[in-house]
Structure formats: structure tokens, C-alpha cells
**Student:** 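Structure below; questions to follow.
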Amino acid sequence: MTLTNLLDMFEEFQSQTGSPYRVNGCETFLQLPRQFGSGLIRHWHLRDGLDLYLQTHHLIEEMTVESHNQYSMFGLCYCVSGSVNMLVNPSCSEMIIHPGSCLSVNMTEAYAAGQLPAKQPICLVEIAIAPHMLQTLLQDELSRIC
């Protein structure tokens, strides 16, 4: 996800909830409004094509988060706490990620959704890698091996 896509998503969230976001250098921070419970989303743009996300939530009511994206990426999502139902592509089956598990996703579709449960702490750590960055990382690693 490019920073522009992320800012568009945060601006949409802000317009729907009134919750402001902050940008400080390579970090973007969004605090959930109290009417939803508690939580935050932090994003670090590490370099072009490489992003790190931290999400923590403790919601009052179940929430579905949908994303319609104009990009492709490879993602790793590690669940620290809570369980989340995820749908990366409407034609694929739903996946559930539990504490201690990691989900790898090759996202070429423009749709993703997550079902965040209520009344339980959720913590997710995600790494998003753009195709060009993944190719660069793999080439560097292969050149060291060969």
C-alpha cells in the first residue's frame, strides 16, 4: 500500500467517524474514537515498497473493515492476540487468524475485508511488500547463496 492509498483510507475513516489521524515523518497514526472502544493503527513507511503496520483494538461492538485497493502486494500478518476473520478476495474462502499464527497473502485483487470481534483484545502486526521490493529482496538473497 502506498502512503497515498493509506492517507486516503485514513481520510475516509476520519470523514465517517470524526477521528483525526497524524502523520509524523514516516509514521502515520490513527486513534479509534471512544464510541467504538479503544484502539489504534500505526503505520511506518520503511522505504518504497516496504511498510509495517501495528493494529491494536478492544472494540465495544463487532466491526467489519473493508478495503478497496488499487495496488498489489505480498503481506505477512502475525496475530499477537484475538482472532480475526479475513477475506482477501471474494472468490476465496474466509480465513481465521488466531494468536501465534501468521497469514501470508498475495494480494492482487482490489478487495479485502476483516471482521474484528468485540470485547476481546486484538493485536496484529503486518508487513506489506510491493512486488518490486519482493523481487529485489529475493534477488539479493539468491545472489548471496549462489
Side-chain angles (χ1 to χ4, degrees), residues 1-34 36-60 62-90 92 94-118 120-145:
M1 175 179 285
T2 65
L3 190 56
T4 304
N5 298 125
L6 181 72
L7 292 179
D8 289 344
M9 183 184 79
F10 281 1
E11 286 175 9
E12 178 68 23
F13 188 83
Q14 179 178 318
S15 71
Q16 290 182 16
T17 66
S19 180
Y21 66 91
R22 293 186 315 234
V23 178
N24 183 15
C26 68
E27 181 181 10
T28 307
F29 177 89
L30 173 74
Q31 184 82 37
L32 289 180
R34 289 184 183 224
F36 295 115
S38 63
L40 59 87
I41 300 172
R42 293 179 78 172
H43 164 258
W44 293 271
H45 183 66
L46 303 175
R47 63 189 283 192
D48 183 38
L50 187 61
D51 297 275
L52 177 66
Y53 299 87
L54 172 66
Q55 296 186 49
T56 60
H57 310 287
H58 199 145
L59 302 172
I60 296 170
E62 185 176 274
M63 181 186 294
T64 299
V65 179
E66 293 184 355
S67 174
H68 301 274
N69 306 305
Q70 305 301 319
Y71 62 93
S72 65
M73 59 81 128
F74 175 75
L76 294 172
C77 180
Y78 180 77
C79 183
V80 177
S81 63
S83 294
V84 178
N85 295 346
M86 299 179 118
L87 182 65
V88 177
N89 176 342
C92 293
E94 188 175 82
M95 298 167 272
I96 301 174
I97 185 168
H98 299 285
S101 63
C102 185
L103 176 68
S104 62
V105 178
N106 182 15
M107 189 168 190
T108 56
E109 298 294 325
Y111 177 82
Q115 188 104 26
L116 303 174
Q120 67 172 285
I122 299 166
C123 181
L124 302 171
V125 178
E126 303 168 63
I127 297 174
I129 307 169
H132 73 275
M133 177 57 69
L134 186 58
Q135 182 179 7
T136 300
L137 293 172
L138 290 175
Q139 283 177 346
D140 289 348
E141 192 59 33
L142 288 174
S143 66
R144 281 186 225 154
I145 295 170

**Student:** I want to check something: taking the side chain as every heavy atom from C-beta on, are Cys79 and Ile122 in contact at a cut-off of under 4.5 Å?
**Tutor:** no
**Student:** Would you indicate whether the side-chain heavy atoms of Leu40 and Phe29 approach each other to under 4.5 Å?
**Tutor:** yes
**Student:** Sorted by first residue and then second, give each salt bridge (charged side-chain N to carboxylate O under 4.0 Å, His left out) pair with at least one member in residues 19-32; sequence neighbours left out.
**Tutor:** Glu27-Arg42
**Student:** Please find the pair of heavy atoms, one from Met133 and one from Gly49, that lie closest to each other, and give the distance.
**Tutor:** CB-O, 3.6 Å
**Student:** Would you check if Leu52 and Val125 make a side-chain contact, meaning some heavy-atom pair closer than 4.5 Å?
**Tutor:** yes
**Student:** With the side chain counted from C-beta on, respond yes when Leu76 and Tyr78 share a heavy-atom pair under 4.5 Å apart, and no when they do not.
**Tutor:** no
**Student:** Nearest 0.5 angstrom please: Phe74 CZ to Leu138 CG, how far?
**Tutor:** 9.0 Å
**Student:** Do Ser83 and Pro99 touch side chain to side chain, with heavy atoms closer than 4.5 Å?
**Tutor:** yes
**Student:** Evaluate the side-chain proximity of Ile127 to Leu46: yes if any heavy-atom separation is below 4.5 Å, no if none is.
**Tutor:** no
**Student:** Pro131 and Met73: which non-hydrogen atoms are nearest, and at how many Å?
**Tutor:** CD-CA, 4.2 Å
**Student:** How far apart are the closest heavy atoms of Gln55 and Glu126, and which atoms are they?
**Tutor:** NE2-OE2, 2.5 Å
**Student:** Nearest heavy-atom pair of Leu124 and Cys77: which atoms, and what distance?
**Tutor:** CD2-SG, 4.1 Å
**Student:** Considering all heavy atoms of both residues, which atom of Gln115 and which atom of Val84 are nearest to each other, and what is their separation?
**Tutor:** O-CG1, 3.5 Å
**Student:** Return the CG to NE2 distance between Leu30 and His43, rounded to the nearest 0.5 Å.
**Tutor:** 12.5 Å
**Student:** Taking all heavy atoms of Ile129 and all of Leu134, pick out the closest pair and write down the distance.
**Tutor:** CG2-N, 3.5 Å
**Student:** Do Ile97 and Met95 come close enough that some side-chain heavy atom pair is under 4.5 Å?
**Tutor:** no
**Student:** Is Pro121 close to Thr56 at the side-chain level, that is, under 4.5 Å between some pair of heavy atoms?
**Tutor:** no
**Student:** In Å, rounded to the nearest 0.5 Å, how long is the span from CZ of Arg47 to SG of Cys26?
**Tutor:** 13.0 Å
